[in-house]
Amino acid sequence: MAKQVLVSGGAGFIGSHVTVELAQAGYDVVVADNFSNCDKTCYEGVCRILGKRPPLVEMDFCDKAAVEKLFSDYQIDAVIHFAAFKAVGESVAEPVKYYKNNLLSFLNLLEVASVKGGNVLFSSSATVYGETDQLPVTEQSPRQSATSPYGNTKQICEDILRDSVKAYLGLKGIALRYFNPIGAHPSALIGELPRGVPNNLVPFITQTAIGKRACLSIFGNDYPTPDGTCQRDYIDIVDLARAHVCAVARMLDGKMEQAYEIYNVGTGRPVSVLELVTAFEKVNGLKLNYKFAPRRPGDVTAIWADPTLANEKLGWKATRTVEQTLASAWAWEKHLAEKQ
Ligand code: UDP
């Protein structure tokens with residue numbers, strides 16, 4: 001019988017892509033979401049890609065009784081936890097809202113999942129590394145104090161998972177530290193759906209290209225990098241989703257060497273903002289209206305992954321070029337425009 005994987009926040013940007021890859025790898029997937037930060041667009045896209053409708057449970061992970069019911073209604077073999085608020089700026093303005101939602105939902109999940117010795121995969125972030133000049137970062141690179149409540153919730157949840165696997169017999173945990181996920185599914189049926197003005201670079205680029213935004217501001221061109229703009233490790237969303245499938249397989253096939261493991265999920269390739277903009281223009285054959293603007297507070301100069309551990313232990317590797325990924329992001333933006 002196929003193993004069943006619960007994807008909390010499974011209707012969101014990363015969750016929907018992970019749902020597709022898990023289902024295509026032969027897992028039964030249960031999607032749970034409270035639709036607080038997304039609508040049903042991506043869930044419907046997932047159904048179209050798969051040609052079937054994975055069970056969808058509308059629920060809030062802050063509601064412990066709902067989490068208990070979910071685990072009694074379904075035989076869950078592993079959980080991937082995405083259900084969390086993710087806007088850095090909003091977390092600074094409303095820290096209590098962020099701590100309450102992101103910590104309580106994870107605690108509820110762990111409390112219920114750990115009863116039977118569960119397998120829990122937590123979606124963490126490269127933000128835990130902060131500003132560092134030791135590049136690329138490995139999983140051993142020290143974490144820095146978080147610069148936002150959002151970033152802090154990632155660190156705290158990592159620690160909660162680490163401590164819980166020590167304490168609860170049979171519980172296993174993996175934290176995946178994502179670098180910068182971008183792009184969309186090649187079908188253009190699922191992708192990123194930012195609410196309001198996008199904070200992230202690629203949705204801002206595609207919205208500028210389609211005419212929804214007048215001009216992209218490149219935040220800072222006086223950084224100590226080759227072209228003066230920040231460098232990041234942009235990881236294709238489908239490549240990122242595949243890393244989850246590899247991590248779930250490692251857990252469920254009994255391959256973990258420690259009860260708690262951490263992996264960087266990145267390409268190992270630094271790309272500057274200017275390089276990304278130029279690649280977008282070239283691959284999609286268009287000109288983007290952009291200007292240089294002051295640095296954005298809180299941005300680190302440069303960060304990229306050493307993905308060796310994930311390559312070796314998960315048997316996972318990023319496969320898509322930044323050009324392929326930017327073409328998929330543009331196809332998704334055009335798909336959205338056609339629907340309106
Ligand atoms: N960025 C930019 N203009 C924008 C949004 C982002 O120049 O409108 C830059 C930002 O300063 C950073 C990079 O793009 O150097 C990636 O930012 P994003 O918010 O996508 O991800 P982050 O690395 O902050 O998590």
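Ligands are counted one by one from 1 in listed order, and the atoms in each one are counted from 1 as well. Bear in mind that the values here come from a model prediction, so they are computed numbers and not experimental data. Values reported hereafter were calculated over all heavy atoms of this structure, with side chains retained and with hydrogens, waters and symmetry mates removed. Numbering starts at 1 and runs along the sequence shown.
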Engineer: Under 4.0 Å from a heavy atom of Cys230: give me the atoms of ligand 1 that qualify, with their elements.
Structural biologist: 15 (O)
Engineer: Do me a favour and list the nearest non-hydrogen protein atom to atom 12 (C) of ligand 1 with residue, atom name and distance?
Structural biologist: Arg232 NH2, 3.8 Å
Engineer: Nearest protein heavy atom to atom 18 (P) of ligand 1, by residue and atom, and its distance?
Structural biologist: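 Protein heavy atom with the smallest distance to atom 18 (P) of ligand 1: Asn200 ND2, 3.4 Å.
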Engineer: What's the spacing between Glu192 CD and His17 NE2 if we round to 0.5 Å?
Structural biologist: 9.0 Å
Engineer: What protein heavy atom lies closest to atom 9 (C) of ligand 1? Include the residue and the distance to one decimal.
Structural biologist: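 Looking at atom 9 (C) of ligand 1, the protein heavy atom closest to it is Val273 CG2, 3.9 Å.
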Engineer: Residues in ring pair (Phe, Tyr, Trp, His ring centres under 6.0 Å) with Trp330, at least two apart?
Structural biologist: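 With neighbours one apart ignored, the set is Phe280.
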Engineer: Quick one: do the Glu90 and Tyr98 side chains pair a donor with an acceptor below 3.5 Å?
Structural biologist: yes
Engineer: Give a yes or no answer on whether the side chain of Asp253 reaches the backbone of Lys255 with a donor-acceptor pair at less than 3.5 Å.
Structural biologist: no
Engineer: In ligand 1, which numbered atoms sit nearer than 4.0 Å to a non-hydrogen atom of Asp299?
Structural biologist: 10 (C), 11 (O), 24 (O)
Engineer: Return the closest protein heavy atom for atom 17 (O) of ligand 1 as residue, atom name and distance.
Structural biologist: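 Checking every protein heavy atom, the shortest distance to atom 17 (O) of ligand 1 gives Arg296 NH2, 3.4 Å.
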Engineer: Can you list the atoms of ligand 1 that are under 4.0 Å from a heavy atom of Ser217?
Structural biologist: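 Listed by number with element: 2 (C), 3 (N), 4 (C), 7 (O), 8 (O).
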Engineer: For atom 1 (N) of ligand 1, grab the closest protein heavy atom and report residue, atom and distance to one decimal in Å.
Structural biologist: Phe219 CD1, 3.7 Å
Engineer: Look at atom 5 (C) of ligand 1 and say which protein heavy atom is nearest, naming residue and atom and giving the distance to 0.1 Å.
Structural biologist: Asn199 O, 3.4 Å
Engineer: Can you confirm if the NZ or CZ of Lys313 lies within 45° of the ring axis of Tyr263 and under 6.0 Å from the centre of its six-membered ring?
Structural biologist: no
Engineer: Are any of the heavy atoms in Tyr234 under 4.0 Å away from ligand 1?
Structural biologist: yes
Engineer: In the structure I gave you, are the side-chain heavy atoms of Phe106 and Ile160 within less than 4.5 Å of one another anywhere?
Structural biologist: yes
Engineer: Can you check which of Val202, Leu201, Val271 brings a heavy atom nearest to atom 6 (C) of ligand 1?
Structural biologist: Leu201
Engineer: Return the NZ to CG distance between Lys86 and Asn101, rounded to the nearest 0.5 Å.
Structural biologist: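 It comes to 13.0 Å.
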Engineer: For Arg48 and Glu44: C-alpha separation, side-chain torsions, deciding distance, then whether salt bridge (Lys or Arg N to Asp or Glu O under 4.0 Å) applies.
Structural biologist: CA-CA 6 Å; Arg48 278 189 62 192; Glu44 292 303 330; over 6 Å; no
Engineer: Please find the pair of heavy atoms, one from Thr267 and one from Ala318, that lie closest to each other, and give the distance.
Structural biologist: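 That closest heavy-atom pairing would be CG2-CB, 3.9 Å.
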Engineer: Which of the atoms in ligand 1, numbered in the order shown and given with their element, are less than 4.0 Å from a heavy-atom of Ile218?
Structural biologist: 7 (O)
Engineer: If the cut-off is 4.0 Å to any non-hydrogen atom of Asn180, which atoms of ligand 1 fall inside it?
Structural biologist: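 This gives 16 (C), 21 (O), 22 (P), 23 (O), 25 (O) as the contact atoms.
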